[in-house]
Amino acid sequence: MLVFMKNRLIFLILFILIGDCLFPLSINVRTFDHQNHTRLVFEGDNSFGFKINNFKNSIEIEINKIANIKNRITRIDDSKLIDRVVHSTKNNKSTLTVYFKSKFKVKRNFVLEKPFRVVFDVVKSEEPDRDLEPSENKRGKQEPKESNIKDETSKKKAIEIICIDPGHGGSDLGAVGRLKLMEKDITLKVSRKVKKIIESKLGLRVITTRDKDVEVSLDSRAAMANNQKAQVFVSIHVNSSFRGSARGPETYYVSLKATDQEAFKLAEKENSSLGEAFKTAENDDLKMILWNMAQSEYIKESSKLASFIQNELNILMHTKNRGVKQAPFRVLMRTAMPAVLIEIAFISNFYEEKSLMDDSFLDKVANAIYTGISKFIYFYNNI
Amino acid sequence: MNKKKIYFLIAIAFVFFIIVLIIFFKSSCYSGKKDLELSKEEVQEKVEQIKPVKVKMFFLQRNSRYMKPFSYEIGIFKTRQDVYKAFINELLKSREDCITPIPEGLKLRSVFYVKKRKILIVDFNEVLLNKFPVGTSSELEFIYYFVDNICYNFKEIKEVKFLVSGNEYKTISGHIDIENPFYPDYRYLRDE
């Protein structure tokens, strides 16, 4: 019996060792500066066990096996908060140490799957530095710390990149009118016009999620905007209703109310404490809730952007009834920036379909959208 | 070791085994998608009073963006699930003077209520994806036609989730996220 157990144990150890050699873990480190926080992502090609040690100016992640990481020291030049990530190995374990440029606080953290990712959202700490605490404090003098820190953290980057998303495309025709006009063609035309006007009048960089008649998934559109670090996302669509009489433009921004609030709270709770939070997102529900939170930080800005654009469209089309609305749009939920979806007009309304066939009308629509966006940019850059 | 000690150890081991079993089954009841599974008793929960079920249904109007109420009696049922099924089938019927925001040929496959989460899961056939007239307003009209009517009439239901042929889909026609359940939005109901 003892011999049998011993053999089994040796076999198990060999199996683990061979497994580790055959499938070495490689980890990719990414950072991204959002408006209110910096996101730090450790992406592994396999899942891995880890332990977190939190220090004053660094976070240490102890991985339970040796990981392949390109460089021993990865400098993060374009991050506001993160200085470098250092990789070291000891006792068949890898350790990744993230050094920060200043004192930091982990705002939330979670694990995502497929691919396996350990995510930290960090902010600059507003706590006074005890080591550098001025002696005047003890004498009762007002400390200037809060205003100094706020000045630095609240400094927003002026808007430089805008993402325009022409709805539908390829085999996804979108809505089709009685005169056989297709939504995918109108959205592409208007998006091209808006891009041209913004580039020529504002000199900003405009990226589009498609520039020809191809199908792009909703999640890829949001990912494109996030990866390109767009600061404004405008999705252009044409509406259709079961009621033939429905008319007028509408501008939407995301509503989180329509999603599972309890689950949303659960996700928040999961992320609230460092010790509790590093649990694998075991089901897709939680993974998606965490994704959905991407837009939750920008609701106020998105609502403002929607009103600026809707006001311009109302003036153009003399509409009063229709306005800014909220709905859980798939494409907006996953964008990490102010994001809106515009429904230019109803293709299901015979008269509006006719207008949509007129190129000069589309020019006016593009101009109205441009004016709305430029008003938002002025507002955003000056608050 | 005497016999008494052995029996004592066996008894402790047995109790420990039972506790582990209880913990295992309890935790599996609360995990992830198990929440959405139904026990037979839940589905077959009897309606307390066997009498015609009175409901108020709201329908879309051709020249108004508000839904107008109509009162109906939808029959006598033995189980709660049958009531929900009959109610949704009633919503699927076309009506003169009103708009039914559903594609032609749409059928209800099944419906089940998850008591623990107060969610009604409504499963339609594939017509919902294949023949739906694409458009944001069409999607919203469809979704809230069902969600508002269901939640208005059955207070025990707080949210409604849609499935197509038993599967989850991201959207109906490329706009509204239907992976999550919906709370009612009564802005378009006009209770006269």
Side-chain angles (χ1 to χ4, degrees), chain A residues 167-169 172-177 182-184 215 217-219 235 237-246 248 250 252 254-264 281-286 288-289 291-292 321-322 325-334 341-343 346-349, chain B residues 27 30-36 59-67 94 98-104 116-119 129 132-145 147-148 158-161 168-185 187-188:
Chain A
H168 308 278
D172 175 11
L173 313 178
V176 180
M182 289 179 206
E183 181 182 1
K184 65 168 185 172
E215 196 169 337
S217 77
L218 296 174
D219 294 351
S235 188
H237 285 251
V238 173
N239 214 342
S240 176
S241 167
F242 280 97
R243 292 185 304 112
S245 60
E250 289 176 339
Y252 288 88
V254 152
S255 108
L256 295 171
K257 188 192 137 215
T259 64
D260 191 341
Q261 282 179 325
E262 260 178 50
F264 189 83
E282 281 173 352
N283 53 49
D284 286 348
D285 285 354
L286 181 59
M288 209 178 72
I289 291 151
W291 255 110
N292 289 349
N321 293 345
R322 297 195 170 268
K325 291 177 175 177
Q326 279 182 279
F329 281 92
R330 178 90 187 180
V331 73
L332 300 183
M333 281 168 123
R334 291 158 184 238
L341 187 143
I342 305 166
E343 296 285 355
F346 280 85
I347 207 168
S348 50
N349 180 306
Chain B
S27 65
Y30 284 98
S31 70
K33 289 191 173 174
K34 286 245 171 174
D35 259 5
L36 300 179
F59 296 105
L60 271 174
Q61 303 298 294
R62 286 190 201 284
N63 294 313
S64 164
R65 52 196 183 123
Y66 296 104
M67 293 202 272
S94 61
C98 295
I99 297 169
T100 319
I102 56 163
E104 220 182 304
K116 219 175 283 167
R117 288 180 59 184
K118 296 175 181 170
I119 295 178
L129 302 178
F132 196 84
V134 182
T136 294
S137 287
S138 315
E139 280 182 40
L140 289 170
E141 283 158 2
F142 172 86
I143 289 165
Y144 288 105
Y145 173 64
V147 177
D148 287 0
K158 300 290 174 209
E159 292 170 88
V160 176
K161 183 178 168 68
E168 276 189 341
Y169 282 86
K170 289 176 182 173
T171 65
I172 296 173
S173 70
H175 302 97
I176 308 299
D177 192 309
I178 59 162
E179 274 189 338
N180 284 316
F182 289 87
Y183 288 97
D185 182 347
R187 273 178 297 179
Y188 299 110

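For the numbers below, each heavy atom of this structure counts, side chains included, while hydrogens, waters and symmetry mates do not. Order of the sequence lines fixes the chain letters, A, B, ..., with proteins taken first and strands second; residue numbering starts at 1 for each chain.
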**Message:** Restricting to salt bridge (charged side-chain N to carboxylate O under 4.0 Å, His left out), what partner residues turn up for Lys170(B), sequence neighbours left out?
**Reply:** Asp219(A)
**Prompt:** Looking at CG of Asn180(B) and CZ of Arg330(A), how far apart are the two atoms once the value is rounded to the nearest 0.5 Å?
**Reply:** 8.5 Å
**Request:** Any chance you could measure Ser255(A), atom OG, to Tyr183(B), atom OH, to the nearest 0.5 Å?
**Result:** 11.0 Å
**Asked** Could you go step by step and tell me if Glu343(A) and Ser137(B) meet the side-chain contact (heavy atoms from CB on, under 4.5 Å) rule?
**Response** CA-CA 9 Å; Glu343(A) 296 285 355; Ser137(B) 287; over 6 Å; no
[X] versus chain A, heavy atoms under 4.5 Å apart: side chain, backbone, both or neither?
X         : result
Ile102(B) : backbone
Ile176(B) : both
Tyr145(B) : neither

**Request:** Mind checking side chain to side chain donor-acceptor pair (under 3.5 Å) for Ser173(B) and listing every partner two or more places apart, or none if nothing turns up?
**Result:** Glu139(B)
**Message:** Measuring only between side-chain heavy atoms, which start at C-beta, is His175(B) closer than 4.5 Å to Leu218(A)?
**Reply:** no
**Asked** Is there a side-chain contact between Phe329(A) and Thr136(B), using heavy atoms and a 4.5 Å cut-off?
**Response** yes
**Asked** Can you check whether Ser241(A)'s main-chain N or O pairs, donor with acceptor, with Glu141(B)'s side chain at less than 3.5 Å?
**Response** no
**Asked** So, Asp177(B) side chain and Pro328(A) main chain: donor-acceptor pair closer than 3.5 Å or not?
**Response** no
**Asked** Taking all non-hydrogen atoms of both residues, which atom of Asn239(A) and which atom of Gly135(B) are closest, and how far apart?
**Response** OD1-C, 4.3 Å
